[in-house]
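Here the structure is laid out as C-alpha cells; the discussion comes afterwards.
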Amino acid sequence: MSRYSATCHIIDQVRLAQDIFHLVVDAPDIARVARPGQFCMLATAHGGGLDPLLRRPLSIHDAWPSGRLEFLYRVVGKGTDLLSQKGPGETVCVLGPLGRGFRPEPCGKSILVGGGLGAAPLLFLARSLDRMDVTVILGGRSIHEIARLDAFEGAAGEVLVTTEDGSRGIKGLVTTALERLDISSSSHTDAIPCVFACGPWPMMKAVYAWATAKGIAIQVSLETQMACGTGVCLGCAIRPSTQGRYLHTCKDGPVFFGTEIDWG
C-alpha cells in the first residue's frame with residue numbers, strides 16, 4: 001500500500017469549540033490513495049525543531065480528489081496545541097495514509113456511531129456509502145462535543161444526536177439512539193445492517209454488545225497512543241479475542257472487526 005511523507009501547505013484551520021479544531025491541508029498524493037478509516041502521523045514541532053520529537057496520529061476526517069485532506073482533532077497536549085497554532089500558508093509534515101481502514105461490505109443500512117471526536121473518521125466513510133442507507137449517530141457529553149454536524153447531515157440520510165446533558169438531540173448515550181432505530185429500513189431489503197463505530201472504549205464496548213445481540217456485524221476504529229504509526233515500536237498493542245499474538249492498532253488496525261477484540 002502506498003504511503004507518502006510530504007510537507008503540506010495548510011489551506012485552512014478553524015477552531016470549532018474550545019479545544020476542537022478542523023485542519024485542512026493540501027496533500028494530493030496522500031488524498032488520492034487514502035481510504036476511510038486510515039490515519040496520518042503529523043509532525044507538530046515549529047520551525048524545524050525537534051520538540052515534540054514524535055509525530056501525532058490523526059484520523060483522516062475526509063479526503064478529496066482535489067488533494068484536500070482534512071483532520072478533526074482535539075487539543076490534548078503539547079503536540080496538538082502547537083499544531084492548533086498553525087494557520088493558512090504555513091506547512092506541516094504529514095506521513096500517510098497509514099493503517100487498515102474500514103471494509104464496507106454489502107449490507108443494508110449502514111449505522112455509523114461516533115462518540116465525541118471519535119466521529120472524526122466517520123465522515124469520510126459516510127461519503128463513500130449510499131447516502132440514503134446511512135444513519136449517523138453522534139454522541140457527546142454536551143452540544144460542544146458534537147463537531148461538524150452540518151457536514152454529516154450532508155453525507156447521510158439520517159443523523160441522530162445524543163448528549164448526556166440534553167443540550168442537543170436525544171438526552172442520553174449513543175445506545176439510547178440505537179435502541180430507537182428501525183434497523184430494517186433499507187433500500188436493500190435482503191441485506192442485514194452493518195455498524196461502524198469509533199469513540200471511547202466503554203462506548204464501543206456497549207455498541208458491540210448491542211450489535212452482537214442483534215446479530216449485526218460491527219467494525220470498530222480503535223484510539224490508542226502511538227509512537228511510530230508504522231508497526232516498528234509495537235507500543236499500541238491490544239489483546240485479541242483468541243489466543244495468539246497481540247494486535248497492533250497502527251498496523252493491524254486501527255479498524256478491526258468487533259469479534260477480533262478482547263473486550264474484557
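Given the structure is predicted, the values throughout are model-derived calculations rather than measurements.
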Would you check if the side chain of [X] reaches a backbone N or O of [Y] as a donor-acceptor pair within less than 3.5 Å?
X	Y	answer
Thr162	Ala177	no
Thr212	Ala209	no
Asp252	His248	yes
Glu145	Ser142	no
Thr91	Thr7	no
Lys214	Pro193	no
Arg35	Gln38	no
Thr249	Cys236	yes
Glu90	Gly87	yes

Would a single hydrophobic cluster contain both [Y] and [X], if residues Ile, Leu, Val, Met, Phe, Trp and Tyr are joined by side-chain heavy-atom contacts under 4.5 Å?
X	Y	result
Leu181	Leu173	no
Leu149	Leu125	yes
Val113	Trp201	yes
Val255	Val134	yes
Val136	Leu129	yes

What distance do [X] atom [atom1] and [Y] atom [atom2] have between them, rounded to the nearest 0.5 Å?
X	Y	atom1	atom2	value
Leu82	Arg56	CG	CZ	8.5 Å
Asp130	Ser110	CG	OG	8.5 Å
Ile170	Thr163	CD1	OG1	9.0 Å
Leu95	Phe39	CG	CZ	8.5 Å
Phe21	Gln85	CZ	CD	8.5 Å
Asp29	Cys8	CG	SG	9.0 Å

**Complete:** Residues at least two apart in sequence or cross-chain that pass salt bridge (Lys or Arg N to Asp or Glu O under 4.0 Å) with Arg180, listed by chain then number, are none
**salt bridge (Lys or Arg N to Asp or Glu O under 4.0 Å) partners of Arg148, counting only residues at least two apart** = Glu70
State, to 0.1 Å, how close [X] and [Y] come at their nearest heavy-atom pair, and which atoms those are.
X	Y	answer
Pro254	Gly99	CD-CA, 4.0 Å
Leu69	Cys40	CD2-SG, 4.2 Å
Ala43	Val92	O-CG2, 3.4 Å
Ala151	Leu123	O-CD1, 3.6 Å
Ala197	Val207	CB-CG1, 4.3 Å
Leu122	Phe152	C-CE2, 3.8 Å

Flag side-chain contact, heavy atom, 4.5 Å: [X] against [Y]:
X	Y	answer
Arg239	Leu247	no
Cys194	Gln219	no
Arg103	Phe257	yes
Ile60	Asp62	no
Trp210	Ile216	yes
Gln13	His22	no
Leu222	Phe256	yes
Ile111	Leu178	yes

**Request:** Would you mind checking if Asp19 and Arg74 are paired as a salt bridge, meaning a charged N to carboxylate O distance below 4.0 Å?
**Result:**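 Looking at Arg74 and Asp19, the cut-off is met.
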**Request:** Kindly determine whether Met132 and Lys109 satisfy side-chain contact (heavy atoms from CB on, under 4.5 Å), including the steps that lead there.
**Result:** CA-CA 9 Å; Met132 296 313 299; Lys109 180 187 289 292; over 6 Å; no
**Request:** Among Ile, Leu, Val, Met, Phe, Trp and Tyr joined by side-chain contacts under 4.5 Å, find the other residues sharing a cluster with Val24 and list them by chain and number.
**Result:**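 Traced through the cluster, Val24 reaches Ile11.
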**Prompt:** Checking side chain to side chain contact (heavy atoms under 4.5 Å, CB included) against Leu23, which of Val14, Leu72, Ile10 comes through?
**Reply:** Ile10
**Item:** Name of the residue among Ile137, Val174, Leu138 meeting side chain to side chain contact (heavy atoms under 4.5 Å, CB included) with Leu160
**Value:** Ile137
**Message:** Taking ring pair (Phe, Tyr, Trp, His ring centres under 6.0 Å) as the definition, give me every residue that meets it alongside Tyr208, ordered by chain and number, with sequence neighbours left out.
**Reply:** Trp263
**Request:** Go through the structure and list residues passing ring pair (Phe, Tyr, Trp, His ring centres under 6.0 Å) with Phe102, not counting sequence neighbours.
**Result:** Phe196
**More than 12 heavy atoms of other groups within 6.0 Å of Arg141 CZ** =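 Open.
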**Message:** Other residues, nucleotides and ligands only: do more than 12 of their heavy atoms fall within 6.0 Å of CZ on Arg245?
**Reply:** yes
**Prompt:** Who are the side chain to side chain donor-acceptor pair (under 3.5 Å) partners of Ser167, not counting sequence neighbours?
**Reply:**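 Side chain to side chain donor-acceptor pair (under 3.5 Å) list for Ser167, sorted by chain: Asp165.
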**Asked** After noting the C-alpha distance and the side-chain angles of Ser5 and Met41, does the key distance pass the side-chain contact (heavy atoms from CB on, under 4.5 Å) rule?
**Response** CA-CA 9 Å; Ser5 181; Met41 300 291 290; over 6 Å; no
**Request:** Mark yes or no: Arg127 above the aromatic ring of Trp64, with NZ or CZ under 6.0 Å from the six-membered ring centre and no more than 45 degrees from the axis.
**Result:**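 The answer is yes; both the distance and angle limits are met.
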**Request:** Assess whether salt bridge (charged side-chain N to carboxylate O under 4.0 Å, His left out) is satisfied between Glu153 and Arg131, documenting all intermediate values.
**Result:** CA-CA 10 Å; Glu153 290 175 336; Arg131 180 180 183 276; over 6 Å; no
